[in-house]
2 protein chains.
Amino acid sequence: MVDASEIVSAFETAGYRLTGPRRALAVLIAAQGRHFTADDLLGESRRRRLGVTRATIFRSLDVLADLGVVERLDLPSGEHAFVACEPAHHHHVVCSSCGRTTGVADPGIERIAAAIGRETGYRIDAHRLELFGLCPACRKQN
Amino acid sequence: MVDASEIVSAFETAGYRLTGPRRALAVLIAAQGRHFTADDLLGESRRRRLGVTRATIFRSLDVLADLGVVERLDLPSGEHAFVACEPAHHHHVVCSSCGRTTGVADPGIERIAAAIGRETGYRIDAHRLELFGLCPACRKQN
DNA sequence: ATTTTTGCAAACCTTTTGCATGGAA
DNA sequence: TTCCATGCAAAAGGTTTGCAAAAAT
């Protein structure tokens, strides 16, 4: 679980100004226990009368993704979503029922990436691993 | 490399009608040695006066993705692209310079997915692995 | 005082949809 | 002759942008 203050600090440390909208977004993002879209944040901002607008949300998510505070997620549906994440967790398991995500430390993909590099002749620079399934809570309900 | 006739057969086998636009798209897709977007195909269709329109392209790509003839790819940029693929290859290495893709057989992700399932308590149903880097040809040029 | 950030609204781009026409089986 | 597929054009989403005003340093 990521704390709002960590997100605020990330802005600060990177030399961005600490503004009202950014603080508000930090709180909103930290409150999400699941993946979320820009539109989700916009809805929350309106419901809670925070006055953070669409453009600011996109711009902030962009910055936060650069800083590694949130990670872009491509859901199987093709939707673009985000998750707040600890920098130590490089991959995410996504519950296809409730949307909850759990970060996992790199579990040995490096080795596989290296093997694929050797096999294909590519110089592998980056990889993306996303896992989808049912979280413990949703398993019980079925 | 995927042959146009394989794509045509895939339509046929699955019970879809063999139409002019679908044959034309099969040729266009087979000619791509790299990932491509719906818009790429539309451009090609116009340049070559094939008369295949946007809606048909999206509808066909949808079908072909279902049939496993093409695979949806989410590029690091967030763009949605496609690659033609052999059904046996479950993952793709994407060259970030020229866009070429190479399919690779599943190299042991199953085991990792199982380990992550055990660790997190999720029941893992699906995973996506995409690798990005420089292909052999592009490596030489740098 | 200076520079960044924001809001607003419009623009943009990609993808989807409804419906009448045309074509495959 | 029956259904499926296509073209067209419009709609629907999602994301970006220009610019003037507001806020942070």
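Below, chains carry the letters A, B, ... as their sequence lines are ordered, and counting in each starts from 1.
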Problem set entry | Positional range of nucleotides in DNA chain C within the contact set of chain B, heavy-atom, under 4.0 Å |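 Boundary nucleotides touching chain B, in 5' to 3' order, are C/dT15 to C/dA25.
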What distance do [X] atom [atom1] and [Y] atom [atom2] have between them, rounded to the nearest 0.5 Å?
X        : Y        : atom1 : atom2 : result
A/Arg47  : A/Leu42  : CZ    : CG    : 9.5 Å
B/Leu73  : B/Thr101 : CG    : OG1   : 7.0 Å
A/Ile116 : A/Ile124 : CD1   : CD1   : 6.5 Å
B/Ser97  : B/Arg139 : OG    : CZ    : 13.0 Å
B/Ile7   : B/Ile29  : CD1   : CD1   : 5.0 Å
A/Tyr122 : B/Leu131 : OH    : CG    : 10.5 Å

Exercise. What residue pairs, at least two apart or across chains, pass ring-ring contact (aromatic ring centres under 6.0 Å, His included) with a residue in residues 46-81 of chain A?
Worked result: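 Qualifying pairs, neighbours excluded: A/His80-B/His80.
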Return yes if some donor-acceptor pair links the side-chain N/O of [X] with the main-chain N/O of [Y] below 3.5 Å, else return no.
X        : Y        : answer
A/Ser9   : A/Ser5   : yes
A/Arg128 : B/Asp74  : yes
A/Ser96  : A/Phe132 : no

Problem set entry | same_hphob_cluster(B/Val94, B/Phe82) at 4.5 Å side-chain heavy-atom cutoff |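 No.
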For this session: Keeping to residues at least two apart or across chains, list the side chain to side chain donor-acceptor pair (under 3.5 Å) pairs with something in residues 56-69 of chain A.
Result: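 Listed once each, the pairs are A/Asp62-A/Arg72.
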Exercise. Applying side chain to side chain donor-acceptor pair (under 3.5 Å), which residue pairs with at least one partner in residues 12-28 of chain B are found, sequence neighbours left out?
Worked result: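 Every pair satisfying side chain to side chain donor-acceptor pair (under 3.5 Å) with a residue in residues 12-28 of chain B: there are none.
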For this session: Kindly give the cluster partners of B/Val27, where membership spreads through any ILVMFWY side chain lying under 4.5 Å from a current member.
Result: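 None; B/Val27 is a cluster of one.
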Atom pairs under 3.5 Å, N or O on each side, protein against nucleotides 1-3 of chain D: can you list them with distances?
from, atom 1, to, atom 2, distance (Å)
D/dC3, O2, B/Arg17, NH1, 3.0
D/dC3, O2, B/Arg17, NH2, 3.4

Exercise. Taking DNA chain D as the partner, which of residues 3-15 of chain A come within under 4.0 angstrom of it by heavy atom?
Worked result: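 Result for residues 3-15 of chain A: none.
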Exercise. When you measure from every atom of DNA chain D, which of residues 63-72 of chain A have a heavy atom less than 4.0 Å away?
Worked result: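 Result for residues 63-72 of chain A: none.
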Problem set entry | Heavy-atom closest pair, residues B/Pro136 and A/Thr120 |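 Scanning both residues completely, I find the closest heavy atoms to be CG-O, 3.7 Å.
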Exercise. Salt bridge (Lys or Arg N to Asp or Glu O under 4.0 Å) with A/Arg49: which residues, sequence neighbours excluded?
Worked result: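 Not a single residue meets the salt bridge (Lys or Arg N to Asp or Glu O under 4.0 Å) criterion with A/Arg49.
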Exercise. To 10°, what angle do the rotation axes through the five end pairs on each side of the helix from C/dA1-D/dT25 to C/dA25-D/dT1 form?
Worked result: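 The end-segment axes of the helix from C/dA1-D/dT25 to C/dA25-D/dT1 are tilted 40° relative to each other.
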Enumerate, atom names and distances included, each donor-acceptor pair closer than 3.5 Å involving a side-chain atom of residues 31-38 of chain A, sequence neighbours excluded.
from, atom 1, to, atom 2, distance (Å)
A/Gln32, NE2, A/Leu28, O, 3.4
A/Arg34, NE, A/Cys98, O, 3.1
A/Arg34, NH2, A/Cys98, O, 3.1
A/Thr37, OG1, A/Asp39, N, 3.4
A/Thr37, OG1, A/Asp40, N, 3.0
A/Thr37, OG1, A/Asp40, OD1, 3.4
A/Thr37, OG1, A/Asp40, OD2, 3.3

For this session: Using a 4.0 Å heavy-atom cut-off, write out nucleotides 6-17 of chain D from 5' to 3' as B (base contacted by protein), S (sugar-phosphate only) or - (no contact).
Result: BBB------BBB
